[in-house]
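What follows is a set of notes on a single structure, which appears directly below.
Computed from a predicted model, the values in this text were never measured in an experiment.
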Amino acid sequence: MKNFASTFVHFIASVAFAVSAAGYWYFTDNISIETASEIFLGVFLAASPLPFIVSRWLIAMRIKRRLHSSAVVCSRMGALTELLHVDTIAFNRNGTLTEGNIFISGLIPEGMTQGSLLALAASAEREAVHPYAQALYDTAVQRGLHLQRHSAAREAESLGVEALIARTPVRVGKKEWLQEEDIEISAALLTRADQLATSGQSPLFVSSSKYARGIIAVRDDVRAEVKRALQQLRERGLSLVLLTGETRRLANATGKELRINEIRSDLTGTDKAREIRLLQSRGAVVAMVGDPMSDQAALRAADISIGCPSSLEEPPASPEEDAPQDPLHEELLRGPNENISAEEREPLLPAENAAYFESHPLHKQSRSADFTPDIMLDAAGLPSLVALWDTCNAARSRAKQNRWLSIFFLLLFAPASAGLLSFLGAPPLFYPFVAGALLLLMLLLIMNALRE
């Protein structure tokens with residue numbers, strides 16, 4: 001819209017200048033209307049915005065041609081030119097910087113066995129949508145552990161999951177969340193959690209009733225190619241910011257590994273959007289790189305939204321894969337009172353607990369299926385962002401050269417075609433000569449824009 005407005009103003013100015021020049025010679029030199037029309041045409045061709053329009057179009061075509069050779073998709077072409085004004089890039093951690101190969105790296109029980117600790121956590125996380133929850137559940141099923149039914153559950157974003165299992169509240173999540181709920185955590189578990197987070201692992205505390213029963217360490221390592229990509233972005237003068245829902249110690253460990261100085265941890269999706277607005281209030285032009293679904297709030301808040309295919313996403317399963325693969329699967333999820341009739345069962349959820357879970361339903365982030373980032377990277381992730389940056393930078397260099405060529409043409413031929421050099425005894429340039437010069441300029445612009 002901004003380019004259209006500037007082009008329209010340029011067009012009106014060129015017409016006004018051409019009319020003024022033709023009118024001056026018509027009334028002061030008593031020339032014919034045909035000669036005045038030729039002067040008007042020559043001045044308009046020399047001062048028209050056509051070279052600037054063609055230059056922008058050629059640069060956009062060059063970028064599109066480069067993008068066509070990769071799988072990068074741009075839904076808003078203006079973002080490619082705005083990208084070069086960005087000075088700060090914010091990243092989500094999980095799925096964007098990490099491999100997405102989530103696995104349990106440690107089980108630290110307290111007062112129970114490792115299998116019981118994992119089974120308890122998996123029972124609570126069975127319906128949660130967070131990738132860590134899916135890793136716990138899948139591991140428990142693979143080990144053949146007996147999972148219990150829960151009568152109610154809710155997921156608190158970036159905090160954890162709580163569920164009622166055999167009328168006992170079970171929580172799986174961050175230390176700070178459990179402490180807010182007055183869960184008693186031993187000093188040994190707190191020390192061990194700090195050690196795990198410092199080494200790049202996510203400590204998930206598991207509590208039953210009012211006591212912490214242990215820690216499940218989950219790991220999702222940083223992609224090897226990400227380190228090089230971030231270094232290349234730093235070399236291009238960009239500031240890097242890590243926005244993550246992980247704990248402070250884990251976020252600091254990741255930042256140290258990737259040499260990211262600005263780190264914001266323990267963030268929800270809304271918190272990430274707020275952090276981006278704070279950066280913008282300080283004058284930063286921010287691009288957000290994250291998952292198009294889970295990071296929508298932050299992507300919408302950024303000046304440029306860049307979607308990165310999450311490494312946590314799994315390909316859709318085929319109908320054959322949807323069928324139960326494990327014959328023990330149903331048995332594992334069947335409670336001890338499965339065969340008791342509905343009339344003989346006791347209520348699973350007391351009235352006071354039912355009221356609590358109704359007022360705190362299972363958390364689901366507000367996401368729009370219609371949201372499309374300005375730029376969607378290909379499966380390579382961040383390395384393709386570096387390539388895109390270099391492509392846009394090269395295009396900008398060509399655009400500057402073409403702009404200066406167009407300005408030089410305008411400053412040289414517009415006054416000459418208007419007869420402003422008459423004090424040197426030079427008559428106004430004939431419009432065929434101006435048209436030929438304009439055609440030559442167009443050829444130069446095309447050659448410069450498309451050369452490698």
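Rounded to the nearest 0.5 angstrom, N448 CG and L443 CG are separated by 12.5 Å.
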Distance-only donor-acceptor hits, side chain of residues 202-213, under 3.5 Å, sequence neighbours excluded:
from, atom 1, to, atom 2, distance (Å)
S202, OG, Y132, OH, 3.1
S202, OG, E246, OE1, 3.3
K210, NZ, E181, O, 3.2

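A 4.5 Å side-chain heavy-atom check between P51 and L438 finds at least one atom pair inside the cut-off.
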Could you walk me through whether R192 and D194 pass the salt bridge (Lys or Arg N to Asp or Glu O under 4.0 Å) check? CA-CA 5 Å; R192 185 62 177 140; D194 289 342; over 6 Å; no

Residue pair R236, D390: steps toward the side-chain contact (heavy atoms from CB on, under 4.5 Å) verdict: CA-CA 9 Å; R236 285 151 179 79; D390 290 342; 2.7 Å; yes

What do the steps show when you test L196 against I215 for side-chain contact (heavy atoms from CB on, under 4.5 Å), and what is the final call? CA-CA 10 Å; L196 292 169; I215 298 174; 3.9 Å; yes

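Taking the side-chain contact (heavy atoms from CB on, under 4.5 Å) definition, one finds that S239 meets it with T88, sequence neighbours left out. For E184, the salt bridge (charged side-chain N to carboxylate O under 4.0 Å, His left out) criterion is met by no residue, not counting sequence neighbours.
Side-chain atoms of R277 and Q280 include no donor-acceptor pair closer than 3.5 Å. Side-chain N/O atoms of T268 and D271 include a donor and acceptor closer than 3.5 Å. No hydrogens or angles considered: nothing links the side chains of Q401 and R398 as a donor-acceptor pair under 3.5 Å. One side chain, T254 or R93, offers a donor N or O that lies under 3.5 Å from an acceptor on the other.
Within a 6.0 Å sphere centred on CZ of R228, heavy atoms belonging to other residues, nucleotides or ligands number 12 at most. Heavy-atom neighbours of F408 CZ from other residues, nucleotides or ligands within 6.0 Å: at or below the threshold of 12.
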